[in-house]
Amino acid sequence: MDLALLGRTLMKLGEAAIPTEGIGAHGTSAQSVIIVAADIKAHPGTPVKDIALRTGFPQSKVSACVARLREAGAVEAVVDPADRRRTLLSPAGEVSPRVAEIRSADVDGVLADVLADPARLAEVKAALRVLAEQLDPSVLARLGG
């Protein structure tokens with residue numbers, strides 16, 4: 001499996017594990033929202049325009065992702081004191097119930113369903129944990145969409 005396919009597979013597995021009950025339809029993908037959230041986490045106090053430049057997404061797509069993140073209580077927006085026409089985005093100070101629900105999503109079932117040998121679930125999860133610990137948390141924002 002090449003790196004691009006592995007990355008796409010892991011992203012789709014993560015999306016499948018996110019609980020979606022009661023959130024309604026949205027015009028943005030979970031992948032886009034995750035990339036924008038990672039960018040905001042790596043660059044707190046940032047305007048939409050800068051997120052668009054770093055991710056390569058159009059400003060309208062970033063704004064739609066930010067709307068979803070605000071709805072979930074994952075980000076906070078404040079008026080830029082230097083330019084009152086801009087809004088600065090940062091991760092929320094407190095974890096909202098929706099964010100807590102997403103963070104606690106159990107990926108075991110989703111992962112076990114796609115493993116060639118489901119008995120190796122613990123081994124695969126341990127390997128993924130090692131990989132996650134070695135990656136720079138701002139990697140999604142640096143790599144863009």
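Taking OG of Ser29 as the reference point, atom NZ of Lys61 lies at 5.5 Å (rounded to 0.5 Å). Note that CG of Leu89 is 5.0 Å distant from CD1 of Ile40, once rounded to the nearest 0.5 Å. Note: Arg70 CZ to Ser96 OG = 13.0 Å, rounded to the nearest 0.5 Å. Expressed to the nearest 0.5 Å, how far OG1 of Thr46 lies from CZ of Arg54 amounts to 3.5 Å. One finds the CG atom of Asp39 at 8.5 Å from the CG atom of Asp50 (value rounded to the nearest 0.5 Å).
With contacts defined as side-chain heavy-atom distances shorter than 4.5 Å, the pair Val33/Leu69 qualifies. The closest side-chain heavy-atom distance from Phe57 to Ile51 is not below 4.5 Å. Contact check for Val114 versus Val110: no side-chain heavy atoms found under the 4.5 Å cut-off.
Not counting sequence neighbours, Arg8 has no partner by the salt bridge (Lys or Arg N to Asp or Glu O under 4.0 Å) test. Applying the side-chain hydrogen bond (donor to acceptor under 3.5 Å, both in side chains) test to Arg129 and every residue at least two apart in sequence or in another chain returns nothing. With sequence neighbours excluded, the residues satisfying side-chain contact (heavy atoms from CB on, under 4.5 Å) with Val78 are Leu88. Under the side-chain contact (heavy atoms from CB on, under 4.5 Å) criterion, Leu121 pairs with Asp108, Leu111, Ala112, Leu115, Lys125, sequence neighbours left out. In this structure Ser60 satisfies the side-chain contact (heavy atoms from CB on, under 4.5 Å) test together with Pro58, sequence neighbours excluded.
Here the shortest heavy-atom pairing between Gln59 and Ala52 reads CG-CB, 3.7 Å. Residues Arg86 and Pro47 approach most closely at NH1-CG, 3.6 Å, considering heavy atoms. Looking at every heavy atom in both residues, Ala77 comes nearest to Thr87 through CB-CG2, 3.3 Å. A pairwise comparison of heavy atoms in Pro44 and Ser90 identifies C-OG, 3.7 Å as the closest pair.
When the side chains of ILVMFWY residues are joined at heavy-atom separations under 4.5 Å, either directly or via intervening members, Leu10 and Val124 end up in a single hydrophobic cluster.
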Worked check of side chain to side chain contact (heavy atoms under 4.5 Å, CB included) between Leu13 and Val107: CA-CA 8 Å; Leu13 290 172; Val107 300; over 6 Å; no
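Residue pairs meeting the side-chain hydrogen bond (donor to acceptor under 3.5 Å, both in side chains) criterion with at least one member in residues 109-122, sequence neighbours excluded: Arg120-Glu123.
No side-chain donor-acceptor contact under 3.5 Å links Ser32 and Arg68.
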